[in-house]
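Input: a single structure, listed below in structure tokens.
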Amino acid sequence: MAKRKRALEVVRNDDDDDGEGKPSRRNRLNFFELAYQKIEELLVHCELKPGQFMTMLELQHITGFGRTPVHHAVNRLSADTLIIIRPRHGLHIAPIDLARERMLLGLRRDMERFVIRLAADRASLSHRNQALHIERVLRERRASLTLDEFNNIDRRIDALVLEAAGEPFLVHTMRPLHTLYRRIGYIHHRFMPGQADLSGTIDHHLAILAAVANRRVEDAVKASDALIDYMDLMFTGMEAGIDPRLLDCSIEPLLGA
């Protein structure tokens, strides 16, 4: 009986770690994802400034994660074209190229149509319930919602739509695009004069949620296109009115400002 009990303890210990006190593979994967989410958030909010150079160690200190999760996250973000790895020189937060990102908006439009069509067609009762709940929160909080709070909700909407679409390949394809344009939206609303009001972007997201919740496929596609059109207008304003240093912090300031 004692031998059997000891054997069971060994099995449980094997589930909890990989030996030598290392965390289990499941826990390591959780750390990888959390590190990715944290760095992604810092990129979206421009706390990691476009054009900034830094070391891996500095990024570990900023995020609070160890070397392995941060290294894993940086490799993914490098593949996403958000961070440039400079061998022997550290990391370079990719500057924002408005012309490139506006061009990629056409790619997002086509891909988003495919995703939203699947999501509206396949949405389960649980997905529809979640969409209605998010819609209700947006309506109730629209007057007081901060930009950071909206970005958190926007991330939830993106995840819900991808989950409802039910095709795992799309997650890895769409996630970098979502990050690129969430950052553009943040800069637009945070730094462009007279653009702090979130009501326009909230209305477009409400239309998407309502269409998915009610499984109205064509309405969902139209709502998705309308959101992309709204984002395209952001680029029009930013190309003429944004401080270039917000897009690349390595640009020298004018008149020592």
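- Residues meeting the side-chain contact (heavy atoms from CB on, under 4.5 Å) test with D219, sequence neighbours left out: A211, R216.
- Using a distance-only test at 3.5 Å, with no hydrogens or angles considered, no donor-acceptor pair links the side chain of R113 to the main chain of V221.
- The pair E218-R117 meets the salt-bridge criterion, since a charged nitrogen lies less than 4.0 angstrom from a carboxylate oxygen.
- Residues passing the ring pair (Phe, Tyr, Trp, His ring centres under 6.0 Å) test with H189: none are found, sequence neighbours excluded.
- If you take CD on Q37 and CD1 on I39, they are separated by 11.0 Å, rounding to the nearest 0.5 Å.
- Partners of R67 by salt bridge (Lys or Arg N to Asp or Glu O under 4.0 Å), not counting sequence neighbours: none found.
- Counting only distance, with no hydrogens or angles, the side chain of N214 and the backbone of A210 share a donor-acceptor pair below 3.5 Å.
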field: Full working for salt bridge (Lys or Arg N to Asp or Glu O under 4.0 Å) between R182 and D158
entry: CA-CA 11 Å; R182 194 172 292 119; D158 289 339; 2.4 Å; yes

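- The backbone N or O of E101 lies less than 3.5 Å from a partner atom in the side chain of Y181, making a donor-acceptor pair.
- With sequence neighbours excluded, no residue forms a salt bridge (Lys or Arg N to Asp or Glu O under 4.0 Å) with E41.
- One finds the CE atom of M174 at 5.5 Å from the CZ atom of R108 (value rounded to the nearest 0.5 Å).
- Not a single donor-acceptor pair under 3.5 Å links the side chain of R122 to the backbone N or O of A164.
- For the atom pair L170 CG and M111 CE, the distance stands at 6.5 Å (nearest 0.5 Å).
- Applying the ring pair (Phe, Tyr, Trp, His ring centres under 6.0 Å) rule to F114 yields no partners; only residues at least two apart in sequence or on another chain are considered.
- Taking both residues in full, the closest heavy atoms of A119 and V212 are given as O-CG1, 4.4 Å, listed atom of the first, atom of the second, then distance.
- Distance check, rounded to the nearest 0.5 Å: CD1 of I83 to CD1 of I93 gives 4.5 Å.
- Contacts of V171 classified as side-chain contact (heavy atoms from CB on, under 4.5 Å), with partners at least two apart in sequence or in another chain: L162.
- Residues meeting the salt bridge (Lys or Arg N to Asp or Glu O under 4.0 Å) test with E149, sequence neighbours left out: R141.
- Under the side-chain contact (heavy atoms from CB on, under 4.5 Å) criterion, L98 pairs with I96, I184, F235, M238, E239, I242, L247, not counting sequence neighbours.
- H178 is linked by a ring pair (Phe, Tyr, Trp, His ring centres under 6.0 Å) to nothing, counting only residues two or more places apart in sequence or in another chain.
- Remark: S250 pairs with D248 by the side-chain contact (heavy atoms from CB on, under 4.5 Å) rule, at least two apart or across chains.
- One side chain, S199 or D197, offers a donor N or O that lies under 3.5 Å from an acceptor on the other.
- To the nearest 0.5 Å, atom OG1 of residue T201 and atom CG of residue L227 are 6.0 Å apart.
- Under the salt bridge (Lys or Arg N to Asp or Glu O under 4.0 Å) criterion, R128 pairs with no residue, sequence neighbours left out.
- To the nearest 0.5 Å, atom CD of residue E40 and atom CZ of residue R183 are 10.5 Å apart.
- Summarising the geometry of T63 relative to L42, their closest heavy-atom pair is CG2-CD1, 4.0 Å, with the distance given to 0.1 Å.
- Defined by atom type and a distance below 3.5 Å, a donor-acceptor pair is present between the side-chain atoms of S124 and H127.
- Sorted by first and then second residue, the salt bridge (Lys or Arg N to Asp or Glu O under 4.0 Å) pairs with a member in residues 75-99 read E33-R76; sequence neighbours excluded.
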